[in-house]
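Reading through the structure tokens given below for one structure.
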Amino acid sequence: MQHDDVIWDIIGNKQFCSFKVKTKSQNFCRNEYSITGVCNRSSCPLANSQYATIREEKGQCFLYMKEIERAAFPARMWEKVKLSKNYEKALEQIDENLIYWPRFLRHKCKQRFTKITQYLIRMRKLVLKRQRKLVPLSRKVESREKRKEEKALIAAQLDNAIEKELLERLKQGTYGDIYNFPVYAFDKALEQQDAESESDAEEEEEEDDEVMGGSFYKSLCLMIEKVFYSERVFPFVQDVGQREFVAEDEVEESDLSDFEDMNKLKTSSDEEEQDESSEEEEEEEVQASRSKGKSPANGSLVRKKRAYVEIEYEQETESASRRRTT
Amino acid sequence: LKSKAPMKDLKMEEESSGVEKLEPGTTFPPTFSVSEIKNKQRRHQMFMKLKQEKRKQKMQLKKKRRKEREALGDKAPPKEVPKTIENQRVFDETTVDPEDEEIAFDEGTDEFSAYFNGLTNPKVLITTSDRPRGRVVKFCEQLATVIPNAHVYYRRGLALKRIIPQCIARDFTYLIVINQDRQTPNGLVLCHLPDGPTAHFKVSSVRLQKELKRRGKAPTEHSPEVILNNFSTRLGHTIGRLFAALFPQNPQFVGRQVATFHNQRDFIFFRFHRYIFKNEKKVGIQELGPRFTLKLRSLQKGTFDSKYGEFEWVLKRHEMDACRRKFQL
């Protein structure tokens, strides 16, 4: 005979039930025929001789019913009814089969059926969307590639390559008239002519000072370029005596002397130097000698204001003025 | 205990007799090797001494050679060029000859011809995979500052195949999708839009603007110049053009910014610099902008379609990584 209360008394509270999962707040029932997953007197499939559930297999929903008349035949205990795929029709089927059954079971069956159809719909939708594919990484391969990349980076010598490329472009004239460095070929020819002694070159330049070509012009350009950042007119009288260093442009130290001479002039050109992060020692020396409190903001601002057209105008006027002074 | 001590001594003596105290000029039995010594410290010492010997010999050889060289003066044989991986590279038959007419013709009629003829202006859409996090978001923003006319859009679970027709309708020329793994970008899909090729790259060593040392101010709105280095093979050429078409045709020299894609041993290094010419022989560069490394994984004809697309080139690790001197780009 089925004594539901006795069974519940034993498995519910006093003794062990293998389907029960205890947590801090609640007890759950792991029985596959349980209609809610909670361990309750009314939802325990073992402690209720009249019971119904909805279960789903491969997208198909079935209504399972257990009756007390079949309690003695465990093999036939659960009656399985296939539910229609149409939601409303299935609900009607549930109502039809569970007519005169307790309200709790009817209600819970319908709720469970609704939930199951909802998650089936969601599964079908998700399959159509993009699937996330997990690709396994092989550790050896990854570390090998990382090493290769490091070595390639060292072999690439990026800074040098970029600088070389930029200088090439300057030489080929892709920048047009923006930078007023005189034609490189002219310089090279000059160099080749004066290959023997620098002093010869100096003499030549001194001869050429009236002509607007040659290194005098070059020095002019350089100075003006730097001075422009300071936005001040500097006295040109000094430049007359400084033609010597112009000849030594090919030698690196000339830049240093260049800067030293610039020191006498106003020093917001320093900010320009400070901004540029080239690794030349001269620059570092220069920076060290200058005041360190200058903010780079001025330099970049000035840099942005730089309009190349203006330089040309300045050159012409100032050279004219210089000529007058000399 | 007492019995043990003599035993120890015996053992040590055996070892030392077998080994013989290392003094300059001693000879060892011909079958001796350092690895046969069982005692770790001694073995280590022996090994160090061996190394020192070798190094000394090497230095002596070098000195001798240098003296010979100086002695000969002008008649000395030319210095030997060291072997590098680039020197030893296996000749790739698809290397592009600059005067090749066929290739010139191909490039005149491929998907980028519209750009190179000045008909289209690049317009770039940058997006990510679902739910971008952390550095990926910042990376996208910084990329958008570097590439002019770039827009970042948040991807809300949309399928790429649906995004692409919309982009084409709005005149975008490029679609960049950045994939992520644990909040860092690790993949990049670059799709040229009006049915252009799609390239899939692996991204590594990403440094955002904040993480760079000695960096300059933020990149301005001027279009940068582009430098493409070392793209020598046919495939490399295609990829190079792919990168070139990202940027507007006419760079604004006022901005003095340059974006570099440098290919070395199949790794493409991206850098973004600001340059200044100090004189006609010296230029200073300052790094702005993010830097990252790309490695090409696949190139597919047509817009993004991983299932049915026609793949022009796919990285097959076993075939291609077998030879260390062979590179694809």
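Labels below follow one simple rule: chain letters A, B, ... track the order of the sequence lines, proteins then strands, and each chain is numbered from 1. Keep in mind that this is a model prediction, so the values were computed, not measured.
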TODO: State the CG-CZ distance between Asp159(A) and Arg271(B), to the nearest 0.5 angstrom.
DONE: 8.5 Å

Open item on the list: Would Lys281(B) and Glu163(A) count as a salt bridge (charged side-chain N to carboxylate O under 4.0 Å, His left out) here? Give the steps.
Closed with: CA-CA 10 Å; Lys281(B) 272 179 243 167; Glu163(A) 287 174 11; over 6 Å; no

- [ ] Identify which part of Lys146(A) has an atom lying under 4.5 Å from any heavy atom of chain B, answering side chain, backbone, both or neither.
- [x] neither

- [ ] Answer yes or no: does atom CZ of Arg325(B) have more than 12 heavy-atom neighbours from other residues, nucleotides or ligands under 6.0 Å?
- [x] yes

Task: Pairs of heavy atoms under 4.5 Å with chain A: top-ranked of Asn230(B), Ile227(B), Thr260(B), Val258(B) - done: Ile227(B)

Open item on the list: Taking side chain as everything from C-beta outward and backbone as N, CA, C, O, which of these in Lys129(A) sits under 4.5 Å from a heavy atom of chain B? Side chain, backbone, both or neither.
Closed with: neither

Task: Distance-minimising heavy-atom pair for Phe277(B) and Leu167(A) - done: CE2-CD2, 3.9 Å

Open item on the list: Any heavy-atom pair between the side chains of Thr293(B) and Leu153(A) that's under 4.5 Å?
Closed with: no

TODO: Check each atom of Arg317(B) against the heavy atoms of chain A and say whether the ones under 4.5 Å are side chain, backbone, both or neither.
DONE: side chain

TODO: Step through the shown structure and confirm whether more than 12 heavy atoms of other residues, nucleotides or ligands are within 6.0 Å of CD on Glu221(B).
DONE: no

- [ ] Could you please spell out the steps behind the side-chain contact (heavy atoms from CB on, under 4.5 Å) verdict for Glu225(B) and Tyr175(A)?
- [x] CA-CA 11 Å; Glu225(B) 302 167 39; Tyr175(A) 298 124; 2.8 Å; yes

Open item on the list: Test side-chain contact (heavy atoms from CB on, under 4.5 Å) on Tyr275(B) and Ile162(A); report intermediate values, then the result.
Closed with: CA-CA 10 Å; Tyr275(B) 64 88; Ile162(A) 296 175; over 6 Å; no

TODO: Please determine, among His273(B), Glu86(B), Lys295(B), Arg324(B), the option with the most heavy-atom pairs under 4.5 Å with chain A.
DONE: Lys295(B)

- [ ] Taking all heavy atoms of Gln264(B) and all of Ala152(A), pick out the closest pair and write down the distance.
- [x] CG-O, 3.4 Å

TODO: Using a strict cut-off of less than 4.0 Å between a Lys/Arg side-chain nitrogen and an Asp/Glu carboxylate oxygen, indicate whether Glu142(A) and Lys202(B) qualify as a salt bridge.
DONE: yes

Task: Contact class of Leu158(B) relative to chain A, heavy atoms under 4.5 angstrom - done: backbone

Open item on the list: Is Leu158(A) close to chain B through its backbone or its side chain, or both, or neither, when contacts mean heavy atoms under 4.5 Å?
Closed with: side chain

Task: Side-chain ion pair, Glu149(A) and Arg265(B), N-O less than 4.0 Å - done: no

